[in-house]
Amino acid sequence: MAAFTLAHLSDPHLPPLPSLRLSELVGKRAFGYLNWTRNRHKFHSRDVLDALVSDMQAQTPDHIVVTGDLVNLALEAEFAPSRAWLESVGPPDLVTVIPGNHDAYVRATRHRFAEAWTNYLVGDDAPDRGVEFPAVRRRGPLALISVSSAVPTAPLMATGWLGRSQLEALDRVLAGLSAEQAFRVLLIHHPLRSDARAKRLTDAPQLLALLKRQGVELVLHGHDHVHSTIWIDGPNGSIPAIGVPSASALAHGRYPAAAYNLFSIERDGAAWRCEQRVRGFGQRAGVREFRRVRLS
């Protein structure tokens with residue numbers, strides 16, 4: 001059987017920001033708008049995003065995952081363009097998305113992502129119940145397990161939270177999947193470890209303890225806008241947890257230019273073989289491959 005190829009990109013922060021009414025600039029959005037107009041708009045390019053997605057599609061992956069932050073301020077006017085962008089990436093059966101903190105930026109529109117992206121979010125077994133987390137999608141030998149760490153937070157905060165009920169449901173889902181011969185991929189926006197108090201997953205210790213007990217084969221996340229690989233404890237060895245830069249980013253400061261990951265996954269006897277390839281913008285023009293790593 002041929003290897004299954006999974007593509008991962010994250011944090012497109014779709015530019016440009018749409019026009020907005022003065023009434024929308026209250027609370028956290030006012031801080032976010034100032035940050036975008038003074039700083040962030042200089043480093044997120046639609047041309048970069050489009051070139052990255054075009055290169056990714058040329059690799060013909062079997063499935064694509066997007067780990068959040070499609071929009072910026074969760075303005076009502078951002079959700080229709082974000083849906084159109086998802087449709088340009090691929091149809092719902094070939095693309096899975098999860099929300100990031102910017103997609104649930106404020107309480108007033110914290111559920112809009114679920115309405116706009118429903119069939120890119122729902123699990124295979126619960127299409128009639130709407131969007132619920134965790135959600136499970138089976139694609140080839142993979143079980144894609146989506147969770148949501150996206151919650152509205154105070155100004156200047158970008159923390160995430162799963163909560164007790166979602167963690168308990170994830171425990172049950174992973175226990176059930178343990179009886180299947182599936183390569184389990186956990187999709188989450190926030191990294192599992194962070195030194196930045198304002199950007200961390202607040203219940204990461206509980207999630208790490210759950211994964212140490214139940215296990216998955218791979219964790220994919222976004223949020224930090226950098227290349228990242230850490231290894232966490234699982235029941236039968238270490239689990240790679242991998243982050244990726246913003247898919248629309250120009251290189252600036254400590255943040256690298258836009259990139260995405262390709263994972264080639266296949267059964268190897270009684271074990272799994274997984275190889276990571278990193279493609280993105282480097283010192284030269286255009287998208288190229290600049291790293292290949294055997295993970296298992």
Side-chain angles (χ1 to χ4, degrees), residues 10-11 13 27-29 31-32 35 65-74 79 82 96-118 120-123 126 129-136 144-175 184-214 216 218-226 228 230 232-233 239 241-244 246:
S10 195
D11 298 75
H13 288 284
K28 183 168 184 171
R29 276 203 186 123
F31 289 91
N35 188 23
V65 297
V66 186
T67 49
D69 278 3
L70 277 64
V71 304
N72 295 289
L73 304 181
F79 287 102
S82 70
T96 297
V97 66
I98 63 167
N101 56 296
H102 281 263
D103 304 318
Y105 201 64
V106 294
R107 293 185 182 279
T109 54
R110 66 186 184 277
H111 299 306
R112 282 292 289 118
F113 73 84
E115 298 165 357
W117 314 333
T118 300
Y120 287 88
L121 292 159
V122 292
R129 296 200 300 270
V131 177
E132 299 176 345
F133 296 104
V136 179
L144 301 168
I145 307 133
S146 301
V147 295
S148 175
S149 58
V151 292
T153 57
L156 307 180
M157 297 295 288
T159 50
W161 180 73
L162 294 176
R164 179 177 175 181
S165 62
Q166 193 174 179
L167 285 166
E168 289 176 347
L170 178 61
D171 199 0
R172 293 191 295 271
V173 165
L174 293 180
R184 299 159 299 172
V185 184
L186 179 66
L187 308 177
I188 184 170
H189 179 68
H190 287 76
L192 276 59
R193 293 184 187 140
S194 178
D195 294 328
R197 182 172 177 80
K199 297 183 67 175
R200 76 196 191 284
L201 180 68
T202 57
D203 47 7
Q206 292 91 323
L207 177 58
L208 288 167
L210 190 161
L211 294 175
K212 184 176 182 179
R213 183 175 66 256
Q214 295 287 9
V216 294
L218 179 64
V219 179
L220 300 179
H221 69 85
H223 193 55
D224 283 345
H225 296 193
V226 296
S228 172
I230 66 170
I232 63 172
D233 292 335
I239 302 166
I242 296 176
V244 69
S246 162

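The distance from the CG atom of Leu207 to the CD1 atom of Ile188 is 5.5 Å, given to the nearest 0.5 Å. Separating the OG1 atom in Thr153 from the CH2 atom in Trp161 is a distance of 13.5 Å, to the nearest 0.5 Å. One distance of note links CG of Leu218 with CD1 of Ile239; it measures 9.5 Å at 0.5 Å rounding. In this structure, Thr67 OG1 and Asp11 CG are separated by 6.0 Å, a value rounded to the nearest 0.5 Å. The OG atom of Ser148 sits 11.5 Å away from the CG atom of Leu187 when rounded to the nearest 0.5 Å. Between the OG atom in Ser149 and the CG atom in Leu192 there is a gap of 9.5 Å [rounded to 0.5 Å].
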Could you give me the CA-CA distance, side-chain angles and deciding distance for Ser82 and Arg112, then say whether side-chain hydrogen bond (donor to acceptor under 3.5 Å, both in side chains) is met?
-> CA-CA 11 Å; Ser82 70; Arg112 282 292 289 118; over 6 Å; no

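Within the 4.5 Å cutoff, side-chain heavy atoms of Pro99 are placed close to those of Leu121. Considering only heavy atoms from C-beta on, Asp171 comes within 4.5 Å of Gln214 through its side chain. Residues Leu162 and Phe133 have side chains not in contact (no heavy-atom distance under 4.5 Å, counting atoms from C-beta outward). Between Tyr120 and Val66 there is no side-chain heavy-atom pair separated by less than 4.5 Å. At least one side-chain heavy atom of Val216 sits under 4.5 Å from a side-chain heavy atom of Leu211. When side chains are defined from C-beta on, Arg172 does not count as touching Pro134, because their heavy atoms never get closer than 4.5 Å. At a threshold of 4.5 Å between non-hydrogen side-chain atoms, the residues Ile98 and Val147 do not count as touching.
Shown here is Arg213, whose CZ atom has more than 12 heavy atoms of other residues, nucleotides or ligands within 6.0 Å.
Taking the ring-ring contact (aromatic ring centres under 6.0 Å, His included) definition, one finds that His13 meets it with His44, His102, His225, sequence neighbours left out.
Pairs engaging residues 197-206 under the side-chain hydrogen bond (donor to acceptor under 3.5 Å, both in side chains) rule: none recorded [sequence neighbours left out]. Within the structure, every pair that satisfies the salt bridge (Lys or Arg N to Asp or Glu O under 4.0 Å) test and touches residues 153-165, not counting sequence neighbours, is listed here: Arg164-Glu168.
Looking at Asn101, its side chain never comes within 3.5 Å of a backbone N or O of Ala150 through a donor-acceptor pair. In terms of modelled atom types and a separation under 3.5 Å, the side chain of Arg110 and the main chain of Ala74 share no donor-acceptor contact.
Nearest heavy-atom pair across Tyr105 and Gly32 is OH-CA, 3.3 Å. A pairwise comparison of heavy atoms in His221 and Ser228 identifies NE2-OG, 4.2 Å as the closest pair.
A perpendicular orientation is assigned to the rings of His223 and His189, their planes being inclined by more than 60° (bins at 30° and 60°).
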